[in-house]
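Single-structure report; data block below.
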Amino acid sequence: MTPDLKVTIAGVEFANPIMTASGCCGYGEELHRVFPLKTLGALVTKSITLHPRSGHPVPRTAETASGMLNAIGLANVGVDAFIKDKLPFLEDKQTRVIVNVAGSKIQEYVDVCARLEDCPPVDMVELNISCPNVDEGGMEFGSNAALTEKTIASVKKVFTKPLIAKLSPNVTDIVEIARAAEQGGAEVLSLINSVVGAAIDINTWQPKLTNNKGGLTGPAIKPIALAKVDAVYNACTVPIIGIGGITCAADVVEFMLCGATAVQVGTALFIEPDVPVKIVKDLKTYLKQKGLASVANLRGKVRKY
Amino acid sequence: MTPDLKVTIAGVEFANPIMTASGCCGYGEELHRVFPLKTLGALVTKSITLHPRSGHPVPRTAETASGMLNAIGLANVGVDAFIKDKLPFLEDKQTRVIVNVAGSKIQEYVDVCARLEDCPPVDMVELNISCPNVDEGGMEFGSNAALTEKTIASVKKVFTKPLIAKLSPNVTDIVEIARAAEQGGAEVLSLINSVVGAAIDINTWQPKLTNNKGGLTGPAIKPIALAKVDAVYNACTVPIIGIGGITCAADVVEFMLCGATAVQVGTALFIEPDVPVKIVKDLKTYLKQKGLASVANLRGKVRKY
Amino acid sequence: MTKSTCRDTFVIHKKKLQNDYYSLVLGPLRKINHCQPGHFIHLQVPHTDVMFRRAFSIASIFPEQNALEIIFKVVGRMTRQMSTLKTGDTVNILYPLGKSFTLPRKSETSIMVAGGVGFPPLMFLTEHMMKRGYDPKTIHFFYGGRTSADILCRSRLKRTGVLFHPVTEDGSFGRQGLVTEPIEEFIKFRKKDKLRLYACGPEGMLKAANNLGLQYHIPGQLSLEAPMPCGIGVCLGCVVPLTAGGYARVCAEGPVFEVGEVVL
Amino acid sequence: MTKSTCRDTFVIHKKKLQNDYYSLVLGPLRKINHCQPGHFIHLQVPHTDVMFRRAFSIASIFPEQNALEIIFKVVGRMTRQMSTLKTGDTVNILYPLGKSFTLPRKSETSIMVAGGVGFPPLMFLTEHMMKRGYDPKTIHFFYGGRTSADILCRSRLKRTGVLFHPVTEDGSFGRQGLVTEPIEEFIKFRKKDKLRLYACGPEGMLKAANNLGLQYHIPGQLSLEAPMPCGIGVCLGCVVPLTAGGYARVCAEGPVFEVGEVVL
Ligand SMILES: Cc1cc2nc3c(=O)[nH]c(=O)nc-3n(C[C@H](O)[C@H](O)[C@H](O)COP(=O)(O)OP(=O)(O)OC[C@H]3O[C@@H](n4cnc5c(N)ncnc54)[C@H](O)[C@@H]3O)c2cc1C
Ligand SMILES: Cc1cc2nc3c(=O)[nH]c(=O)nc-3n(C[C@H](O)[C@H](O)[C@H](O)COP(=O)(O)OP(=O)(O)OC[C@H]3O[C@@H](n4cnc5c(N)ncnc54)[C@H](O)[C@@H]3O)c2cc1C
Ligand SMILES: Cc1cc2nc3c(=O)[nH]c(=O)nc-3n(C[C@H](O)[C@H](O)[C@H](O)COP(=O)(O)O)c2cc1C
Ligand SMILES: Cc1cc2nc3c(=O)[nH]c(=O)nc-3n(C[C@H](O)[C@H](O)[C@H](O)COP(=O)(O)O)c2cc1C
Ligand code: FES
Ligand code: FES
């Protein structure tokens, strides 16, 4: 018996719970040269904004212990070019497409989502209300409950497919924000986005990123992400997509035991671009070893002390 | 010319800026068997509470990528036994003694500090208002500005030596808490304490800590700590002790460039117990190479973009 | 407690024993004579992604070469990397650590209870006792394993002249069953003698040895294992509950504890 | 762009060249013929504390052995660990990556501008051109270094028959000075010929080569370096500003760019 990897989130069925995280897989073309995208449950695009953005000057990334800092600055082609030039490529790749949307004003989120509403290949939208890398207030949305609710409610008016709210870990109480997102109408919560961090070059005395600070990601933050997923799972009812430091099937199992229905793999793609292939395979093996018929049997099953 | 490593904090002179962090060096006896404590600028004791505590059941620690989780549960001998049995050992070790104090009520902080007031070997007290490992509200103090101010102000009434407030990173806005601590009368701020995290054993499906969650420390969190030190340095005037993931002199330099006057080394002591000896030596070499007369010349000198 | 040293040293010799077991001889090291049976080292391989050191019991010392031996089994991340070490490679060790075994009186009969990677410290204890002039016939070395491949260094043990009692679960070497069964028989049979227990091995074996000691009023010592972030007593991560209440640190108050002292 | 493969392979041969320079031959690898001059690999050593891969230009391929060669200099964390690799050790590589050089017309005279670890891709290009029947006398290989020890593989280069112009800052080998000086002289002297530039080396050298190309209207290509977290174009960390505005990814649109295309 092959264990069933299918998961259903907000009425949408995914072949498996493994997705690639926003900003770590472009718009899919490059990864498809390393492995077939149909391996994935879904691909989550780089954050799309209303207008194209070229991003911050280099250096934009810095290696840290078991992690990295980035301040790419939401470099992307803009929603129009995305729909015209990038989305068609994803149409026949037999994977779900989640478009991550970012903005600096509520209206910008609304405008982008309104354009995505009529694009059939788009299965869901993930609202990046938590990017720490834009001055105009990207993070503000995600650290303020009222703003979170309002942003999501506004987008809901123009976008009818399921909406994912991507939460920031850089808050005192993520549950408060999660509840606000749920209240606003988010059908799914994804967490975590990157953790605010900095690094300094001791030779030049300059920050290692031109943005001075950036987002910490990779295995280093996995324990932080797990604690947040656990907290939100125990407080909210909508399905959760776990993100943060996942590099192997064992990590996926940890997130699911804490309550995640699916997961996203980000930084690990830089280290091992075909790691999703291995994760899907090893996840099956794990379920078999444990005699579980479906990956859904793991959800929230952590046995707390 | 040998560079000057001396730093003065709140009127107290330290031979160098390298301290060992609370909970990572016991009460000094064990480390002294590996290297002479006079190597250190100061030793910061394990958190002392009013009554002895035996701590949480095992497992209390778990290894993570470039870090560890701990939920020791403030195991300590209690203030009376500390003063009677542990403090005398530190008296002639030619290093400064900072006693870290924890409590679950404001009155407990006050009571412990009142007893330490008359102990000459104690140079400073560091208030742990940020320990994530006690249910009774350890962390609440540090994530609430009003409570932070009140706790510190209350202790100030009974304790006249310099007071350090140790801040939690698990807040939306650490600057708000830092300002409250300053307002309450803290002469020094130390940051960061550990970051809330969790890990699950995928074989047993139990959390890897009996406390279910714990504090993430070690190199993994260094970028987070640097960003927090930078933020507080730009908002407050009192001296800062930087803590988080320091393992080498280069890390110390990063923290000082971000504004720290001194630093504490924690988890690194578990990996290389005599690492302070190496750090002090390498810090001197660095200053020489850079032609700097004093370590104080590094403070806050990061050249932001 | 003696001072501990933290330093780089080299792999002088590496040998694959049986199955996944390896012996590593490390040196040169100063003050090798400070290492006593029961002491352990805390070892780190350079540039690895395994952040914390791992503890290994000292299996023997070679004072002439200023070297010490450890024996390990490949079970996880660190030991897998250790199995690829080659002669001349550098490792960093912190040594000696912990509390060593108390030697028996010469009038006593010692019962060694060894299992798996609990074997090395008891081999060290045995060889140490031989050097100190103990009569090998006062030592009964019970050595349990799942299968024949788990019983290491047989000829070396036999060379000491002690009374060797191998036991395997599948009966592929020595007696079949669990090691505690023949020990209980032995205890009953030698009730009149002054007996002393020394045990190191898996949790179940330690529990059984502890119970036998309590039940038959045989003094003795158990060497425990626990995950050890620091190994020197500062992190409080490795504690074990005491029967008298509270906790003791396995790395500092132990790893050697008296029979009946800890809650297993 | 071709597909890339991510797989474990082995160290077939390791050689210390001069100073801190090493050559590594890796294999077996499939589709080795897809590797063209200018392509790079992204390499990871197992179980290391260096999380990200590092990029290395392919220095040559051995189609019969399904192997490729890289040449590296020990400068930091990863290269220090690579210098301890031994024959038979495993590494993981992602290959081939990036955009390769465009070959010159046979009627053109090629000016290679190599410096430091920028030498390997130009050696590959040169040997590749020889196999394709280019006249070695149409290739002028300018090779700059601080000192004699930085000029690698001299006899190998000479064997190709190209015109070799070594330049060292201290004059210990070849002409003294910076490599760009003799190149400018050469360009002025051969103004009438159809020239083409290929440059790979430190930033200053690339800048100078780019300027020479612009100033004297010589077409050509530069191979750039940048910190590369992913190497395949998905992280947007390795970008370089374009003269036309915006950024290009060094790993995907590059590492080979046209003279005048990027802001250096
Ligand atoms: C005082 C002392 C003396 C010791 N002496 C020896 C000795 O002489 N020889 C020797 O071989 N060992 C000895 N050990 C054990 C040794 O320190 C290591 O713990 C052991 O070698 C495993 O290390 P590792 O990194 O290879 O395995 P790890 O990767 O740490 O895994 C260890 C084992 O635990 C399992 N495991 C890993 N993670 C988890 C988890 N989260 N939950 C449950 N199980 C998990 C693994 O599958 C594996 O079986 C001693 C330990 C102590 C404390
Ligand atoms: C397309 C491409 C091709 C390449 N080809 C080759 C090749 O053929 N051969 C080759 O040897 N290399 C090549 N490189 C460079 C290689 O990828 C590595 O960057 C290089 O080997 C250094 O890696 P490392 O880990 O040893 O050094 P690192 O530890 O990463 O340090 C690299 C250098 O930067 C310095 N440094 C480290 N950290 C900082 C910092 N924070 N700020 C400033 N300076 C710092 C170090 O002192 C050192 O000099 C290529 C790179 C690219 C992008
Ligand atoms: C280089 C890089 C770029 C990223 N860009 C985005 C982005 O555009 N939008 C977004 O919502 N998250 C972005 N992220 C965050 C990831 O989607 C993910 O939340 C985070 O990296 C944590 O997962 P990981 O540890 O698996 O990388 C980016 C992360 C990295 C490393
Ligand atoms: C095992 C352990 C126990 C700790 N106990 C305390 C404590 O009792 N009081 C306290 O204020 N901080 C405690 N800390 C936090 C450290 O003092 C320090 O703030 C934190 O570990 C970050 O520094 P590091 O990354 O260098 O370890 C403890 C940390 C560890 C790892
Ligand atoms: S391992 Fe740290 S106290 Fe024992
Ligand atoms: S290295 Fe990631 S885009 Fe080039």
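Order of the sequence lines sets the chain letters (A, B, ...), proteins ahead of strands, with each chain counted from 1. Here the structure is a predicted model, which is why all the values come from computation and not from measurement.
The number of heavy-atom neighbours closer than 6.0 Å to CD of D:E203, taken from other residues, nucleotides and ligands shown, is 12 or below. Within 6.0 Å of CZ in D:R156 there are more than 12 heavy atoms belonging to other residues, nucleotides or ligands. Applying the 6.0 Å contact sphere to CZ of D:R146 captures no more than 12 heavy atoms from other residues, nucleotides or ligands. For D:K16, the NZ atom is densely surrounded, since the number of other residues' heavy atoms within 6.0 Å is greater than 12.
Separating the NE2 atom in D:H47 from the CZ atom in C:R80 is a distance of 6.5 Å, to the nearest 0.5 Å.
Among D:R77, D:Q81, D:M51, the residue making the largest number of heavy-atom pairs under 4.5 Å with chain C is D:Q81.
Heavy atoms only, all atoms of each residue included: D:T48 and C:D49 are closest at O-CB, 3.4 Å.
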